[in-house]
Every structure is written in structure tokens, then in C-alpha cells.
Amino acid sequence: MGTFQMKSYEAGDLIFQQDSVGNGMYGIIFGDVEVMIDGKVKAKLGVNDYFGEMALIGFEKRNATVRVLTPLSAFFLSKQAFDEIKEEL
């Protein structure tokens with residue numbers, strides 16, 4: 001089972017949009033993102049921060065939009081992989 005996937009993004013990319021279906025979480029290895037709710041910037045995240053974790057515990061829709069500010073490398077943990085890990089515990 002490949003638990004984590006590596007993802008790369010360029011400045012300006014949208015990782016996900018508010019109200020889209022959540023399918024996993026991200027952890028930032030390098031780079032920066034901004035978190036927007038209803039079009040307003042609410043937070044900036046960088047190295048060692050994470051986002052999207054609510055998708056792992058059952059929230060189906062994203063509560064924010066996440067846009068890349070600088071070239072970004074992040075790990076991605078899908079809901080499916082998370083559920084498989086829980087089953088093994």
C-alpha cells in the first residue's frame with residue numbers, strides 16, 4: 001500500500017476549491033499557500049503546515065479554497081489510504 005503520494009504545484013495553482021468534494025489531506029514539504037474562505041484570505045501556510053485534514057474525518061465538502069503562492073511540494077494522504085490505516089489498527 002502506497003500511503004502517501006508526492007505532489008508538486010506551481011505558483012497560482014488551485015489545490016482545491018471551497019465546496020468541492022474532499023478526498024484527502026496535504027502536508028507542505030516546501031513552498032507556501034494561502035487559504036481563502038468566500039474569496040477572502042484567512043491564512044498563509046508554509047513548511048510543516050498541513051491542510052485538508054477535515055476530509056479524513058468525514059466532512060465531504062471543502063470549507064476553503066487553497067491557492068499556491070510559491071512552487072510547492074507536498075505529501076498527499078487520500079481518504080481511502082487513511083481508512084485502510086484505521087482498519088489495520
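- Applying the ring-ring contact (aromatic ring centres under 6.0 Å, His included) rule to Phe76 yields the partners Tyr26; only residues at least two apart in sequence or on another chain are considered.
- Applying the 4.5 Å side-chain rule to ILVMFWY residues, one finds that Val21 remains a lone member of its cluster.
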side-chain contact (heavy atoms from CB on, under 4.5 Å) between Phe75 and Gln5, intermediate numbers included
CA-CA 6 Å; Phe75 70 80; Gln5 299 172 15; over 6 Å; no
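- Across Arg62 and Gly22, no two heavy atoms sit closer than the pair NE-CA, 3.4 Å.
- Side chain of Asp13 to backbone of Glu10: a donor-acceptor contact under 3.5 angstrom is found.
- Between Lys7 and Ser73 the shortest side-chain heavy-atom distance does not fall below 4.5 Å.
- The number of heavy-atom neighbours closer than 6.0 Å to CG of Asn48, taken from other residues, nucleotides and ligands shown, is 12 or below.
- Considering only heavy atoms from C-beta on, Val47 stays 4.5 Å or farther from Ile29 through its side chain.
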Only pairs under 3.5 Å count here: list side-chain donor-acceptor contacts from residues 30-42, not counting sequence neighbours, and write none if there are none.
unit_1	atom_1	unit_2	atom_2	d
Asp32	OD2	Thr70	OG1	3.4
Glu34	OE2	Arg67	NE	2.8
Glu34	OE2	Arg67	NH2	2.8
Asp38	OD1	Gln18	NE2	3.1

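- Closest approach of Thr3 and Ala81 over heavy atoms only: O-CB, 3.8 Å.
- Residue pairs satisfying the salt bridge (Lys or Arg N to Asp or Glu O under 4.0 Å) criterion with at least one member in residues 18-29, sequence neighbours excluded, are absent.
- Residue Tyr9 is not grouped with residue Met25 when hydrophobic side chains (ILVMFWY) are merged at heavy-atom distances under 4.5 angstrom, including chains of intermediate members.
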Can you give me every donor-acceptor pair (side chain of residues 51-61, partner residue at least two apart or in another chain, under 3.5 Å) with its distance?
none

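- When the side-chain contact (heavy atoms from CB on, under 4.5 Å) test is applied to Asn63, no partner is found at least two apart in sequence or on another chain.
- Exactly one of Leu14, Ile15, Ile28 qualifies for a side chain to side chain contact (heavy atoms under 4.5 Å, CB included) with Val68. That residue is Ile15.
- Taken together through direct or relayed side-chain contacts under 4.5 Å among Ile, Leu, Val, Met, Phe, Trp and Tyr, Leu72 and Leu69 form parts of separate hydrophobic clusters.
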